[in-house]
> 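Dropping the structure in here first, questions after.
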Amino acid sequence: HYYNMYIQNKLNAQELKMSKMISIKMLKNNIKDKPEKIALLLRILPYKIKMADAINANETIKNNLIKRYEMVQKLSLQQ
């Protein structure tokens with residue numbers, strides 16, 4: 001029980017230290033011609049969204065991650 005509280009506090013502290021997310025437009029420009037980056041983000045973003053749920057991140061963070069995931073999905077379909 002105490003260990004779980006310790007982990008939760010550590011995750012909350014990491015959330016507070018998060019740097020500002022890259023804009024969707026900038027992310028799209030950075031990955032649009034790089035299928036390996038798109039594939040990587042398609043694997044990572046669902047995990048990040050689940051982690052945001054696990055640490056009870058605010059809705060803005062979760063929504064921003066979801067928007068980026070949706071954009072990456074659309075890019076993957078265009079290739």
Side-chain angles (χ1 to χ4, degrees):
H1 178 66
Y2 289 113
Y3 181 73
N4 289 340
M5 287 175 43
Y6 169 77
I7 295 297
Q8 185 66 39
N9 288 337
K10 194 145 182 91
L11 290 173
N12 288 340
Q14 287 175 349
E15 176 189 5
L16 294 175
K17 293 179 187 175
M18 256 176 57
S19 59
K20 185 175 178 181
M21 281 191 202
I22 186 172
S23 72
I24 292 175
K25 182 178 179 179
M26 189 178 287
L27 178 61
K28 185 176 183 177
N29 287 337
N30 287 342
I31 67 169
K32 66 181 174 188
D33 296 322
K34 300 175 183 164
E36 68 282 353
K37 299 269 186 194
I38 292 171
L40 179 66
L41 286 170
L42 285 174
R43 290 191 311 269
I44 291 175
L45 285 169
Y47 172 76
K48 290 289 190 180
I49 293 166
K50 286 180 188 174
M51 287 304 298
D53 277 336
I55 63 170
N56 296 319
N58 67 39
E59 289 298 313
T60 304
I61 292 172
K62 290 193 305 191
N63 289 338
N64 286 337
L65 289 168
I66 291 168
K67 287 177 189 174
R68 281 150 183 78
Y69 181 61
E70 290 169 349
M71 181 274 299
V72 172
Q73 283 181 316
K74 288 177 188 172
L75 269 181
S76 73
L77 295 174
Q78 292 172 1
Q79 293 186 343

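Since the model is a prediction, treat every value here as computed from it, not as a measurement.
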> Are I31 and I22 connected into the same hydrophobic cluster when the rule is that any two of I, L, V, M, F, W, Y join if their side-chain heavy atoms are below 4.5 Å apart?
yes
> Do M21 and I61 come close enough that some side-chain heavy atom pair is under 4.5 Å?
yes
> Not counting sequence neighbours, which residues clear side-chain contact (heavy atoms from CB on, under 4.5 Å) with I24? List them please.
K67, R68, M71
> Can you give me the closest heavy-atom contact between Y69 and I49, atom names plus distance?
CB-CD1, 4.2 Å
> Once side-chain hydrogen bond (donor to acceptor under 3.5 Å, both in side chains) is applied, do any residues pair with E36, and if so which ones, sequence neighbours excluded?
none
> Using the side chain to side chain donor-acceptor pair (under 3.5 Å) rule, collect all pairs that involve residues 21-34, keeping only residues at least two apart or in two chains.
none
> Test: salt bridge (Lys or Arg N to Asp or Glu O under 4.0 Å). Region: residues 46-66. Which pairs qualify, not counting sequence neighbours?
D53-K62, E59-K62
> What pairs with Q78 under side-chain contact (heavy atoms from CB on, under 4.5 Å), at least two apart in sequence or on another chain?
L75
> Please determine whether residues L40 and I38 belong to a single hydrophobic cluster, defined as Ile, Leu, Val, Met, Phe, Trp and Tyr linked transitively by side-chain heavy-atom distances below 4.5 Å.
no
> Count I, L, V, M, F, W, Y as connected when their side-chain heavy atoms are under 4.5 Å apart, and connections chain through other members. Are M26 and I44 then in the same cluster?
no
> Which residue pairs satisfy the salt bridge (Lys or Arg N to Asp or Glu O under 4.0 Å) criterion with at least one member in residues 70-79, sequence neighbours excluded?
none
> Please name the pair of heavy atoms, one in L41 and one in P46, separated by the smallest distance, quoted to 0.1 Å.
O-CD, 4.0 Å
